[in-house]
Amino acid sequence: MTDVLRIENLGKSYGSKAALSGVSFAVADNEYVSLLGPSGSGKTVLLRLIAGFELPDAGRILFDGKDIASVPAHERGIGFVFQNFALFPHLSVYDNIGFGLVNRVNAPVTDADALRSRIMAMVELVGLTGLEDRGVHQISGGQRQRVALARTLVSQPRIVLLDEPLGALDANLRTRMRGELRRIRSQLGVTFLHVTGSETEALAMGDRIVVLDNGSVGQIDTPDTVYNSPVSPNVARYLNCYNLFSGTIGGGTFSDGAHSFPLSGTPKPNASPAYAIRQDLITVRPSNSPLGSGEAGFTATYLASEYTGASFMYFFRAVDGHIVEVENHLSHRAPQNLDVNATYQLVWKADDALVYG
Ligand code: ADP
Ligand code: MG
């Protein structure tokens, strides 16, 4: 696979505050890359630099191996889909999709038949057949998002940057559009760099995930590797499925002051020690049940549960006030009857924990 986009040591500051520093990664031709990070981690700034809406303070952006520093935004061959997908309110679906082709500076499409066939191919691809003559105020939010996507794809960009493209949709539609986006991308064979603040979206969509952590790259890996082996406590935190403890390491144990857990294996290098156990790898037992060999755990007070459809989330409070979340997948285990304010033993295999330090 060849790299269509290569980011080298990119930096950008506003005043004295660095929004991005030392960001490097490459995106292969025909790849779907998710860019995951919490709010303020620099995701939008990064896309704006790649698109050419702003200039970096440091580093280079290579497109097909060529530095594009001096190429203006509209000549980069890069498409951009914004979160709020502002469409032209007075134009039809058809005219919104065709607008860029007709009005661009370089090689506008003037032949009516050629224009029509390109627009209609896009209308079909994004599933809007029959709606092309509607005004954009006469279609649903999900359909407007498809128009925004079609409007970008119709100019045949080599790479499409999507900034939280599903953020404005309701949860149902968001899930459906995930599948649609993947289908559309693979049908066109175009490269997508998809920014999201949602870990489930990043894991579901990307061939690979780039995790942004405070303006730097925290991890670049396949969804499977990021999910199972986050390289730092911060990456684990952004995945929203780990219980994290900070403390000290010594004598073969990790201790957070209130609890200690036996260590197995060598900690992943990190500035400060931390211990992470995935929410779905914890089991809940009666408070007096002893820990078996190879197990770690502690007692905690049951507070509440939340039903998510496929699982129950149980919330516990440890003696030091730390809130611990346990996920019970209903496909693995029937829901448990837990008494609020009662004490339980939370147990996991020491081998399943990730230790940093
Ligand atoms: P997100 O990951 O939520 O998209 P952004 O990339 O928008 O985050 O922002 C990253 C950081 O850069 C934030 O601290 C933000 O306040 C700052 N920032 C972004 N754009 C500007 C700007 N034009 N002027 C000053 N600060 C900015
Ligand atoms: Mg943003």
Side-chain angles (χ1 to χ4, degrees), residues 3-28 31-63 67-69 78 80 83 159 161-164 167 191-203 205-242 244-246 266-276 354-357:
D3 293 333
V4 52
L5 177 70
R6 179 169 282 280
I7 309 290
E8 289 179 356
N9 253 316
L10 212 59
K12 177 77 183 174
S13 296
Y14 297 98
S16 60
K17 192 180 175 303
L20 295 175
S21 63
V23 171
S24 299
F25 65 93
V27 179
E31 190 178 26
Y32 200 133
V33 173
S34 303
L35 186 65
L36 174 69
S39 180
S41 57
K43 304 182 299 296
T44 295
V45 169
L46 177 56
L47 288 200
R48 292 177 60 80
L49 295 179
I50 297 170
F53 303 148
E54 281 184 79
L55 293 176
D57 302 332
R60 300 199 302 167
I61 301 168
L62 304 171
F63 195 58
D67 190 333
I68 53 172
I78 296 175
F80 206 110
Q83 173 168 2
I159 178 164
L161 311 175
L162 305 105
D163 195 358
E164 310 205 29
T191 302
F192 272 22
L193 181 57
H194 175 159
V195 158
T196 175
S198 154
E199 67 287 347
T200 47
E201 198 164 291
L203 291 166
M205 312 281 300
D207 299 321
R208 284 188 307 151
I209 301 180
V210 176
V211 182
L212 263 194
D213 179 9
N214 292 317
S216 298
V217 173
Q219 185 165 3
I220 307 176
D221 265 310
T222 60
D224 183 53
T225 306
V226 172
Y227 182 71
N228 289 299
S229 313
V231 297
S232 69
N234 271 357
V235 172
R237 183 169 298 115
Y238 305 151
L239 292 170
N240 255 326
C241 58
Y242 283 87
L244 281 155
F245 304 85
S246 51
T266 348
K268 293 177 197 281
N270 194 60
S272 49
Y275 187 97
L354 298 169
V355 186
Y356 304 92

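None of these values were measured; they are calculated from a predicted model. Positions are given from 1, in the same order as the sequence printed here.
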For a quick test of reading the model, state the closest non-hydrogen atom pair linking [X] to [Y] and the distance between them.
| X | Y | value |
| --- | --- | --- |
| P230 | N228 | CD-C, 3.5 Å |
| P267 | G357 | CB-N, 3.8 Å |
| A276 | Y242 | CB-CD2, 3.9 Å |
| F25 | I220 | CB-CD1, 3.3 Å |
| L10 | P56 | CD1-CB, 3.7 Å |

Would you indicate whether the side-chain heavy atoms of [Y] and [X] approach each other to under 4.5 Å?
| X | Y | result |
| --- | --- | --- |
| S229 | K268 | yes |
| L212 | L20 | yes |
| N214 | N234 | yes |
| L35 | L46 | yes |
| F63 | V4 | yes |
| C241 | Y227 | yes |

Using only atom types and a distance under 3.5 Å, with no angle test, would you say the side chain of [X] pairs donor to acceptor with the backbone of [Y]?
| X | Y | value |
| --- | --- | --- |
| K43 | G37 | yes |
| S21 | G11 | no |
| N270 | S272 | yes |
| Q219 | V231 | yes |
| D57 | S13 | yes |

Subject >> Test side-chain contact (heavy atoms from CB on, under 4.5 Å) applied to A274 - qualifying residues, sequence neighbours left out >> reply: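 By the side-chain contact (heavy atoms from CB on, under 4.5 Å) rule, A274 matches P233, Y356.
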Look up atom [atom1] in [X] and atom [atom2] in [Y], then write down how far apart they are to the nearest 0.5 Å.
| X | Y | atom1 | atom2 | value |
| --- | --- | --- | --- | --- |
| L36 | L203 | CG | CG | 7.5 Å |
| L5 | I68 | CG | CD1 | 7.0 Å |
| R208 | T225 | CZ | OG1 | 11.5 Å |
| T196 | E164 | OG1 | CD | 6.0 Å |
| N9 | I7 | CG | CD1 | 11.0 Å |
| E31 | L193 | CD | CG | 9.5 Å |

**OP:** Evaluate the ring planes of Y32 and H194, with Trp represented by its six-membered ring, and classify them as parallel (under 30°), tilted (30 to 60°) or perpendicular (over 60°).
**Re:**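 The rings of Y32 and H194 sit tilted, inter-plane angle from 30° to 60°.
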